[in-house]
Protein chains: 2
Amino acid sequence: MIPKQQVEKRVADSLEICRRQGVKATHQRTEILRELAGSEEHPDAETILTRVRQRVPTISVDTIYRTLRLLEDSGVIARVGSMRDRARFDANTDRHHHFVCTECEMIGDFYSDAMDQFPVPQEVSEMGSVEGVYVELRGICRKCKQKAMKTEGRTGEKP
Amino acid sequence: MIPKQQVEKRVADSLEICRRQGVKATHQRTEILRELAGSEEHPDAETILTRVRQRVPTISVDTIYRTLRLLEDSGVIARVGSMRDRARFDANTDRHHHFVCTECEMIGDFYSDAMDQFPVPQEVSEMGSVEGVYVELRGICRKCKQKAMKTEGRTGEKP
DNA sequence: TCCTAAATAGTAATTATTACGAATGGAGTT
DNA sequence: AACTCCATTCGTAATAATTACTATTTAGGA
């Protein structure tokens, strides 16, 4: 669980960045941001909608999606996760990367100076100018691995 | 343009990998694979459908999507591109990464030993076992940058 | 050749996301 | 406070991409 104080700081910082870009800090935007900043699980739009509705019961689907796009464009949230599933979001603006479990879709954050400081290959410089990096490590998380072990143990058993 | 010989080799190799997994090499699958292997632009499902139809006029939407999923699961093609747009595909199975233009969605391949050999941080090892890496460099491609320059030149002009 | 499971075509259904039009709300002005 | 103006939101409809269904076809082994 993320400390409340930390959540509020992130919300305040993000809204400040928005304001500097002329994006107003409405009640709905604040709550969406707060929901995301307080979550470690990188929720999808529907999950965010359900949760925010507990506090803002009339919030609409349109507002959720519109706001998520807006916040993404403003650079205070990011879209993460393998593209085979629905979009998921992250309000952590610190430079970091993600581990994605291809089994259960769990997404975890991690930090890596090495990955942050990639040398941009010549090849790429010739294609254009690099402004961001997205790194995703994919694999099987602990939980899923254990589950697989158990299931494997059963193979060969009589029914 | 990719040399025909190279395309055919890629197709043959991919089908061989499929067969070893018990996946049959049907006409449709072969043509979808051939289309992808012969393209450098990382086409989306619809584009693949249109192009393959010139050779296999009766191929269905279902077959395209089903096959793309199957080939992805078999590991002979990959899903690429920023998740804000539709899925795009790549039949290049050599270890490589992508540069994506956030303006025009152009996708270019590049190779980088440095990125291939990144040390997996302890943090991540604790989350699970890493089986793949997806790296995407994002920015503005040459073409779009030039276009932006021209447009910028116009600002301030009378209408 | 014949058999059987797997694959496909054509179409319908589902799901996520975006768009629309009326209504609301907030900042600045008088 | 009342008024204006423009952005934002709500509720719902529409769109776009992807997946599912069922009858028919096909591949590949016995």
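Computed from heavy atoms alone, side chains included, the values below leave out hydrogens, waters and symmetry copies. Lettering follows sequence order; numbering is per chain, from 1. Since this is a predicted model, take the numbers as computed values, not measurements.
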For this session: For B/Glu41, check side chain to side chain donor-acceptor pair (under 3.5 Å) against everything at least two apart and list the hits.
Result: B/Arg51
Problem set entry | Set of side chain to side chain donor-acceptor pair (under 3.5 Å) partners for B/Tyr65, sequence neighbours left out | none
For this session: Could you identify which residues of residues 10-23 of chain A place a heavy atom less than 4.0 Å from some atom of DNA chain C, listed by residue number, or say none?
Result: none
Exercise. Hey, can you pull the residues of residues 55-63 of chain B with a non-hydrogen atom under 4.0 angstrom from DNA chain C?
Worked result: B/Thr58, B/Ile59, B/Ser60, B/Asp62, B/Thr63
Seminar exercise, completed: Residues at least two apart in sequence or cross-chain that pass salt bridge (Lys or Arg N to Asp or Glu O under 4.0 Å) with B/Asp85, listed by chain then number, are none
For this session: Sequence neighbours left out, what passes side chain to side chain contact (heavy atoms under 4.5 Å, CB included) with B/Glu131? Give chain and number order.
Result: A/Ile140, B/Ser129
For this session: With sequence neighbours left out, write down each residue that passes side chain to side chain donor-acceptor pair (under 3.5 Å) with A/Thr63, or none if nothing qualifies.
Result: A/Ser60, A/Arg66
Exercise. Checking A/Arg29 side chain against A/Thr67 main chain: does a donor-acceptor pair fall under 3.5 Å?
Worked result: no
Exercise. Who pairs with A/Glu105 by salt bridge (Lys or Arg N to Asp or Glu O under 4.0 Å), at least two apart in sequence or on another chain?
Worked result: none
Seminar exercise, completed: Grouping ILVMFWY residues whenever side-chain heavy atoms fall under 4.5 Å, the cluster of A/Leu70 otherwise contains A/Val23
Exercise. What residues form a salt bridge (Lys or Arg N to Asp or Glu O under 4.0 Å) with A/Arg10, not counting sequence neighbours?
Worked result: A/Asp94
Exercise. What does A/Arg66 touch in the nucleic acid at a heavy-atom separation under 4.0 angstrom: a base, only the sugar-phosphate, or nothing?
Worked result: base
Problem set entry | Proximity to DNA chain D (any heavy atom under 4.0 Å), residues of residues 26-36 of chain A only | A/Thr26, A/Gln28, A/Arg29
Problem set entry | With B/Arg69 via salt bridge (Lys or Arg N to Asp or Glu O under 4.0 Å) - residues at least two apart | none
Problem set entry | Residue whose closest nucleotide on DNA chain D lies nearer the 5' end, A/Arg53 versus A/Leu70 | A/Leu70
